[in-house]
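Quick notes on the structure that follows.
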Amino acid sequence: MAETTNAPAPGGPPKGFRSAELGWPELHRIPRPPYRLPLLGDVFGASRHTPMQDSLHYAPRLGPIFRRRAFGKEFVFVWGASLAADLADEERFAKHVGLGVANLRPVAGDGLFTAYNHEPNWQLAHDVLAPGFSREAMAGYHGMMLDVAARLTDHWDRAEAAGRAVDVPGDMTKLTLETIARTGFGHDFGSFERSRPHPFVTAMVGTLTHAQRLNTVPAPLAPWLLRGASRRNSADIAYLNHTVDGLVHARRAAGGGAGAGDLLDRMLETAHPQTGERLSPENVRRQVITFLVAGHETTSGALTFALHYLARHPDVAARARAEVDRLWGDTEAPGYGQVAKLRYVRRVLDESLRLWPTAPAFAREAREDTVLDGTHPMRRGAWALVLAGMLHRDPEVWGPDPEEFDPDRFDARAVRARAPHTFKPFGTGARACIGRQFALHEATLVLGLLLRRYALRPEPDYRLRVTERLTLMPEGLRLHLDRRAGSDRPGTEADRAAVTGDAASAPRCPVHRVAD
């Protein structure tokens with residue numbers, strides 16, 4: 001696992017604690033797994049490929065807060081609802097950049113996701129880019145989301161006609177990469193025209209996987225054990241940088257405002273509303289990479305998990321499909337405002353994110369000396385990892401059957417009855433995901449379109465397997481499709497211009513292809 005760190009408030013660059021001094025003065029009171037081995041620590045029965053799922057395995061036996069040791073480093077995990085709610089207090093706690101997130105800094109630097117709290121560029125970028133996720137901006141993206149969804153359904157129509165099952169993780173990755181690339185940066189990766197993943201996806205998966213592997217190797221041995229992997233990671237980072245540099249160069253060559261106010265235009269042209277400061281060229285690159293990676297990786301996983309559960313629960317799928325048919329009717333392409341009406345479809349998505357939050361954990365650090373939940377003293381800079389997947393399974397919140405898939409957990413009355421901070425698929429506080437509404441709109445829209453068009457059949461022998469590469473994704477999920485009678489193609493951009501109304505009048509950014 002990664003180096004144990006401490007950071008001066010409000011979250012500056014890490015300063016190393018001695019391994020026996022985590023900043024938890026009474027660490028001995030926190031339970032740990034049995035069978036601890038000298039030097040190696042709590043590795044009995046653990047897998048370096050599934051560290052998050054291993055922690056979910058330990059959690060119910062050890063309780064709402066526990067610790068694990070690996071290679072001389074101690075880590076504190078939290079999943080109890082009251083503890084997680086206390087860690088959400090922004091006055092006393094802040095985001096902690098550690099574990100795999102810090103391992104991504106060679107590629108993302110001080111981007112929104114990987115910046116330390118003391119680094120000014122995350123707040124600058126947040127303030128400059130926040131209007132890019134307003135309702136008006138989202139309505140402008142909606143038409144492009146429909147365009148990309150049409151490419152997906154064309155692809156799936158061909159598979160259905162040939163009697164082939166579809167590769168759900170691969171196709172959802174293509175969909176979400178194209179969506180964020182087109183809406184945010186006016187770029188077309190041509191993913192659905194490729195027989196293999198785009199090299200950007202290959203490089204992105206490589207960097208995420210490498211960051212995960214660094215967590216499971218003793219830091220002093222990493223240069224030797226991961227020498228070849230480190231070289232490949234450097235090549236992956238170079239490719240990501242090269243791709244983004246070409247994208248930015250094309251936009252600069254097209255002149256200011258060429259993207260009609262999309263995210264890239266905002267990065268290049270918009271000054272901070274109070275200070276007048278602009279993002280540096282290096283930070284623009286880092287923010288673009290952050291959005292391309294984070295903006296598609298987690299959403300593709302969320303869609304894949306949701307489609308898995310819909311295929312396994314035909315009663316839920318039928319109810320969701322009936323909602324789509326009732327609310328969208330014969331409308332060929334739903335307008336922006338029609339997506340939010342799919343409340344049951346949204347519950348399906350939320351319940352999938354409850355069971356498998358694709359960003360499975362987030363770390364919080366103490367701004368000053370404090371006591372967590374009135375019980376556990378923490379020194380300034382001490383941190384803990386909140387296991388969202390276990391928080392979302394806390395029986396005190398979710399009842400005696402938290403492993404059961406039940407979208408009605410997100411009925412409005414049920415949501416109001418639950419305590420705050422019990423559902424955290426997008427992190428928490430000031431550093432929570434800036435693109436949350438973008439992801440939820442995109443995923444709800446796509447689920448609605450797919451439910452209206454297809455009946456989904458699982459492969460009988462498939463059992464859910466989850467791949468970990470910092471984010472979570474179902475592995476090897478393939479579904480069979482039955483085209484519904486009377487289902488129509490979502491339509492071309494020209495078709496939609498006549499029917500989408502609220503989205504059609506919003507500005508669009510042109511889409512450019514950049515050579516690989």
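What you see below is based on every heavy atom in this structure, not just the backbone, and it leaves out hydrogens, waters and symmetry mates.
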Determine the minimum heavy-atom distance between [X] and [Y], stating which atoms define it.
X: Val466; Y: Gln53; answer: O-NE2, 3.0 Å
X: Leu177; Y: His296; answer: N-CB, 3.5 Å
X: Gly448; Y: Val345; answer: N-CG1, 4.3 Å
X: Leu353; Y: Pro425; answer: CB-CB, 4.1 Å
X: Gly389; Y: Pro357; answer: N-CG, 3.6 Å
X: Thr183; Y: Asp262; answer: O-CB, 3.4 Å

Check whether any side-chain heavy atom of [X] sits under 4.5 Å from a side-chain heavy atom of [Y], and report yes or no.
X: Val244; Y: Val248; value: yes
X: His198; Y: Arg194; value: yes
X: Trp356; Y: His308; value: no
X: Pro474; Y: Leu464; value: yes
X: Leu208; Y: Leu104; value: yes
X: Leu387; Y: Val78; value: no

* To do: Would you check, one step at a time, whether the test salt bridge (charged side-chain N to carboxylate O under 4.0 Å, His left out) holds for Glu323 with Arg343?
  => CA-CA 8 Å; Glu323 178 184 64; Arg343 295 180 180 176; over 6 Å; no
* Asked: Yes or no on salt bridge (charged side-chain N to carboxylate O under 4.0 Å, His left out) for Asp350 and Arg346, after CA distance, side-chain angles and deciding distance?
  -> CA-CA 6 Å; Asp350 284 344; Arg346 171 64 185 276; 3.2 Å; yes
* **Qualifying residues under ring-ring contact (aromatic ring centres under 6.0 Å, His included), relative to Phe362, sequence neighbours excluded** =>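 Not a single residue meets the ring-ring contact (aromatic ring centres under 6.0 Å, His included) criterion with Phe362.
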* Output all residues satisfying ring-ring contact (aromatic ring centres under 6.0 Å, His included) with His392, sequence neighbours left out; order by chain, then residue number. =>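 For His392, the residues satisfying ring-ring contact (aromatic ring centres under 6.0 Å, His included) (neighbours in sequence not counted) are Phe423.
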* To do: Report the C-alpha separation of Arg213 and Asn103 in whole Å, then their side-chain angles, then the decisive distance to 0.1 Å, and conclude whether the side chain to side chain donor-acceptor pair (under 3.5 Å) test is met.
  => CA-CA 10 Å; Arg213 290 184 68 187; Asn103 295 337; over 6 Å; no
* To do: For His441 and Tyr336, run ring-ring contact (aromatic ring centres under 6.0 Å, His included): C-alpha distance rounded to whole Å, both residues' side-chain angles, the deciding distance at 0.1 Å, then the answer.
  => CA-CA 9 Å; His441 180 86; Tyr336 170 75; 4.8 Å; yes
Could you measure the distance from the [atom1] atom of [X] to the [atom2] atom of [Y]? Nearest 0.5 Å is fine.
X: Arg182; Y: Ile180; atom1: CZ; atom2: CD1; answer: 12.5 Å
X: Trp383; Y: His96; atom1: CH2; atom2: NE2; answer: 4.5 Å
X: Asn117; Y: Glu365; atom1: CG; atom2: CD; answer: 6.0 Å
X: Leu456; Y: Arg321; atom1: CG; atom2: CZ; answer: 6.5 Å
X: Asp127; Y: Thr270; atom1: CG; atom2: OG1; answer: 12.0 Å
X: Thr209; Y: Leu470; atom1: OG1; atom2: CG; answer: 8.0 Å

* Asked: Among all residues two or more places apart in sequence or in another chain, which pass the side-chain hydrogen bond (donor to acceptor under 3.5 Å, both in side chains) test with Trp122?
  ->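 Result, side-chain hydrogen bond (donor to acceptor under 3.5 Å, both in side chains) vs Trp122: none returned.
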* Mind checking side-chain hydrogen bond (donor to acceptor under 3.5 Å, both in side chains) for Thr298 and listing every partner two or more places apart, or none if nothing turns up? =>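 Thr298 satisfies side-chain hydrogen bond (donor to acceptor under 3.5 Å, both in side chains) with no other residue.
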NZ/NE/NH1/NH2 to OD/OE distance under 4.0 Å, [X] and [Y]:
X: Glu119; Y: Arg105; value: yes
X: Asp171; Y: Arg478; value: no
X: Arg469; Y: Glu297; value: yes
X: Asp325; Y: Arg484; value: yes
X: Arg92; Y: Asp89; value: yes
X: Arg364; Y: Glu90; value: yes
X: Glu269; Y: Arg278; value: no

* Do the ring planes of His242 and Tyr239 sit parallel (below 30°), tilted (30 to 60°) or perpendicular (above 60°)? ->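 Answer is tilted, since the angle falls between 30° and 60°.
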* For side chain to side chain contact (heavy atoms under 4.5 Å, CB included), just list the numbers for Leu449 and Arg453, CA-CA rounded to whole Å, side-chain angles, deciding distance to a tenth of an Å, and then say yes or no. => CA-CA 6 Å; Leu449 292 170; Arg453 195 173 189 84; over 6 Å; no
* To do: Examine the side chains of Glu178 and Ser191 and answer whether a donor and an acceptor come within less than 3.5 Å of each other.
  =>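 On atom types as modelled, these side chains qualify, holding a pair under 3.5 Å.
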I'd like a table of donor-acceptor pairs (distance under 3.5 Å, sequence neighbours excluded) in which one partner is a side-chain atom from residues 199-206, with atom names and distances.
none

Test your reading of the model: is there a side-chain donor-acceptor pair from [X] to the backbone of [Y], 3.5 Å cut-off?
X: Glu442; Y: Met145; answer: no
X: His142; Y: Pro334; answer: yes
X: Ser134; Y: Ala130; answer: no
X: Thr331; Y: Ala333; answer: no

* Asked: Near Phe113 CZ, under 6.0 Å, is it more than 12 heavy atoms from other residues, nucleotides or ligands?
  ->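 12 or below, so no.
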* Does NE2 belonging to His249 count more than 12 external heavy atoms closer than 6.0 Å? ->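 Counting other residues, nucleotides and ligands, NE2 of His249 stays at 12 neighbours or fewer.
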* Give the intermediate values and the outcome of side chain to side chain contact (heavy atoms under 4.5 Å, CB included) for residues Met144 and Val148. => CA-CA 6 Å; Met144 286 193 176; Val148 178; 5.6 Å; no
* Asked: Can Tyr141 and Thr179 be said to form a side chain to side chain contact (heavy atoms under 4.5 Å, CB included), step by step?
  -> CA-CA 9 Å; Tyr141 304 144; Thr179 298; over 6 Å; no
* Asked: Under the criterion side chain to side chain contact (heavy atoms under 4.5 Å, CB included), which of Val324, Leu447, Thr153 is the partner of Arg452?
  ->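 Exactly one pass, corresponding to Val324.
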Using residues 282-292 as the side-chain source, report each donor-acceptor pair under 3.5 Å to any protein atom, sequence neighbours left out, with the distance given to one decimal.
residue, atom, partner, partner atom, Å
Glu282, OE2, Arg286, NH2, 3.1
Asn283, OD1, Gln287, NE2, 3.0
Asn283, ND2, Asp110, OD1, 2.8
Arg285, NE, Asp245, OD1, 3.0
Arg285, NH2, Asp245, OD1, 3.4
Arg285, NH2, Asp245, OD2, 2.7
Arg286, NH1, Asp110, OD1, 3.0
Gln287, OE1, Leu112, N, 3.0
Thr290, OG1, Arg286, O, 2.8

* To do: Check the pair Tyr309 / Val348 against side chain to side chain contact (heavy atoms under 4.5 Å, CB included), numbers first and verdict last.
  => CA-CA 8 Å; Tyr309 284 114; Val348 170; 5.8 Å; no
